[in-house]
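Notes to accompany the following structure.
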Amino acid sequence: MSPQFIPSLRAALLAGFALLVAVTDLAAQTELRRGRTVPATLSPGDTARYTVDADENHFVLGEVNQISVDVTIRVLDPDGTQIGRFGGLGRGHLRFGGRTTSAGAHTVELFVTGAGGGNADAPAGAYEITLLRHEPFATDPRRLTDQVMARFDGPNSPGAAVRVWRDGRTLYSETYGMANLAYGIPFEEDTRTNIGSTSKQFTAFAIMLQAERGLLSLDDDIRTHVPELPEFDETIQVRHLITHTSGLREFLNLLRMTGRRLDRGDWIDRSEIIEIVQRQPALQNSPGAEWNYNNTAFGLAAVIVERTSGQDFHVFMQENVFGPLGMTGTMVRPSIRHTVPNQSEGYTPTPDGYRQIGDLGGAVGAGGMYSTIADLQTWVENYANPRVGTAEIFDEMMTSFVLTNGEETGYGYGLSVDEQRGLKRVHHGGADVAHRSQLVYYPEINAGVTVQSNHAQFGSNVVFELAAAFFEDAMEVEEDDAGAEGDEADAERDFDPDAYDPEHFDEFVGRYALDAAPTFILTFTREDDTFYAQATGQQRLEIVPTSDSTFSLLAVEASITFLRGDDGEVNAAILHQNGDQRATRLEDDGAAEEWAPTAADLANFAGRFYSEELETFYDLAVEEGELVMRQRRLGRVPLTPGDEDSFSGGGFSFAFERDRNGEVIGFYLSNVRTRDVRFGRVG
């Protein structure tokens, strides 16, 4: 999907509470003790406040059973700064908690979700609150992992699994919560879970295996193997597919433009990927010149494996990879209609409880793979001591691809490649509709960690924090070798966000355009001591400092790194979310006057528009002083003006086109990974 800020629970570790909690529920005041459930009620417009006298570095876990009220939980530190927010589940058990970062009186606020302007006369709803755990924050990595994962444990929550290994020895392996809520089936070590895009390394490996066998070359024109693809002005090589540098449109983003509701399980057939490429009029970039995360390319890579082997992809993988390695719990799901024995169902929180969400269609090659935590350990251990494939294959997969301009992408063949505290790190995350996955490998110490979950709000990047806990000895920088880089790493580890001077953020304030999609703008602002990031067409979200130049989004699994030029001035930023997206600072530095179209201006954009590529109509109209887009499946989407003749909304960017007489004749639609899809005016 486009790099929208996708909700996660990363902020869970920031909040913490003391053993005794004073509860203020309007007129009543009650002490909450561990293991004791306290019933309460809450009306729209009211706030229940739990004052907390917390010591530093304590871990507490609480739970609210939303019996007949939809509650949002907000956690404030002793200074009144929000450090955690929990919600999204309108009925059932909602867990909250984490670690204290300072001592003093914290506040936990409960209010009715969405009641800010609601009916204050609505009846009160009932809930129960329980303090489940209180203990010192763990330093032992095993106990720490148990605390981190506690939010997803118990009989009322979708679950998760963790496995840690080093030098062939399993250090930790545990599961939490439920694989199936309807039948009360717990998450077990042999539970098969959709690993989403973590599958991409397997597809890249299959390509490399076929190349080793002489059945293809990475330099081949992809039309050599899939001749029905169109002949573009430039040649796409096989290697461009598995490095995200092909220039093809991303099919999931493209299908969303047509009104396909991927979040509602709309059917997608694998054959559509080829049809989509056949309708693409031109490449979005020269092959090898730009990194742009691309599921279309990996879908085509799976087709090439099939064409060169004469086997269906799921059969090829079973006979050539899973079977020989003894990965008995791993399989490619050919379509969302195929049965997966012992699978975890994916769930997402909704106002009426957890909703069971199916898998994305057409995902084979880009995703569509189910595995277990034990099998993923087996797979990664094959990197160091190959029983299937060769060391040369894995070395090449774990080497960052170099673009035509000489820049490295930080991505090899189906794997992200970077460093963590001095150690080379190889990893890939995955997210289907509700399943989450992350697999990380440290080749220099032959160690790895994997986390899986069937909870849509699970923050899988926690895998890196767990790795730091288990492999801390290997990540320490030697004092005599530290130098400037070591000092910088130590400074980041020792960074105290409470000591950050808010005025220092002013040098980052401004607008930054994604290099891959210049109409997609990240805007950074400051209000007193609170910092915000806002993406085009999306709500403003709070960010917190993690060093003097890096920030993490509280409500989202994403982070920002600001970059300086040779002159020391901040000139760019990198959005870290399912890969890295560079954004260049706009020269106006956010100070340019905003375009404010008049009612007459807006009327010029109203009309019916049609895309031949998508075979889709969009209707634009002016309603109550704003431009609105309507589409049969997407519904009503208000559009916000940006630069002149451009709007955004619903995760889309609209760049309008005029003829020589100044009349609006169409627009180009983008959502980052799919760009410049033309709609012409037809009415």
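The first residue in the sequence is number 1, and the count goes up from there. What you are looking at is a predicted structure, and each value in this text was computed from that prediction instead of being measured.
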If you look at every heavy atom in [X] and [Y], which pair is closest and at what distance?
{"X": "Asn295", "Y": "Ser197", "answer": "OD1-OG, 4.1 Å"}
{"X": "Ser199", "Y": "Gly368", "answer": "OG-N, 4.3 Å"}
{"X": "Arg270", "Y": "Ala302", "answer": "NH2-CB, 4.1 Å"}
{"X": "Gln201", "Y": "Leu415", "answer": "OE1-CD2, 3.5 Å"}
{"X": "Asn454", "Y": "Glu345", "answer": "ND2-O, 2.8 Å"}
{"X": "Thr546", "Y": "Ser552", "answer": "CG2-CB, 3.9 Å"}

Are there over 12 heavy-atom neighbours, none belonging to Arg166, within less than 6.0 Å of that residue's CZ?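 For Arg166, atom CZ is crowded (more than 12 foreign heavy atoms under 6.0 Å).
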
Which of these passes side chain to side chain contact (heavy atoms under 4.5 Å, CB included) with Trp165: Leu171, Thr450, Thr378?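 Going through the options one by one, the only one that passes is Thr450.
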
Please check: side-chain N/O of [X] versus main-chain N/O of [Y], any donor-acceptor pairing under 3.5 Å?
{"X": "Thr348", "Y": "Ala434", "value": "no"}
{"X": "Asn342", "Y": "Asp190", "value": "yes"}
{"X": "Lys200", "Y": "Ala366", "value": "yes"}
{"X": "Asp375", "Y": "Thr330", "value": "yes"}
{"X": "Gln147", "Y": "Pro136", "value": "yes"}
{"X": "Asp153", "Y": "Tyr176", "value": "no"}
{"X": "Thr550", "Y": "Ser547", "value": "yes"}
{"X": "Asp432", "Y": "His435", "value": "no"}
{"X": "Glu63", "Y": "Arg95", "value": "no"}
{"X": "Arg436", "Y": "Ala456", "value": "yes"}

Do [X] and [Y] get their side chains close enough for a donor-acceptor pair, meaning under 3.5 Å?
{"X": "Gln438", "Y": "Asn461", "value": "yes"}
{"X": "Ser437", "Y": "Gln452", "value": "yes"}
{"X": "Glu189", "Y": "Ser173", "value": "yes"}

Value rounded to 0.5 Å, distance of [atom1] in [X] from [atom2] in [Y]:
{"X": "Arg192", "Y": "Thr328", "atom1": "CZ", "atom2": "OG1", "answer": "7.5 Å"}
{"X": "Glu381", "Y": "Asp167", "atom1": "CD", "atom2": "CG", "answer": "9.0 Å"}
{"X": "Glu128", "Y": "Arg36", "atom1": "CD", "atom2": "CZ", "answer": "13.0 Å"}

For [X] and [Y], take the angle between the two ring planes, folded into 0 to 90°, and tell me which bin it lands in: parallel under 30, tilted 30 to 60, perpendicular over 60.
{"X": "Tyr172", "Y": "Phe470", "result": "tilted"}
{"X": "Tyr293", "Y": "His428", "result": "tilted"}
{"X": "Phe96", "Y": "Phe86", "result": "tilted"}
{"X": "Trp379", "Y": "Phe205", "result": "perpendicular"}

Identify whether NZ of Lys or CZ of Arg in Arg99 sits under 6.0 Å from the centre of the six-membered ring of Phe137 and within 45° of that ring's axis.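 Ring-cation test returns yes.
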
Whether Arg425 engages the ring of Phe464 as a cation-pi pair (distance to the six-membered ring centre under 6.0 angstrom, angle to the ring normal within 45°) should be assessed.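 Yes; both conditions hold, so Arg425 lies above the ring face of Phe464.
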
With sequence neighbours left out, write down each residue that passes side chain to side chain donor-acceptor pair (under 3.5 Å) with Arg133, or none if nothing qualifies.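 Per chain and number, Arg133 pairs via side chain to side chain donor-acceptor pair (under 3.5 Å) with Glu135, Asp146.
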
Can the ring centres of Phe394 and Tyr383 be said to be less than 6.0 Å apart?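 Under 6.0 Å, so yes.
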
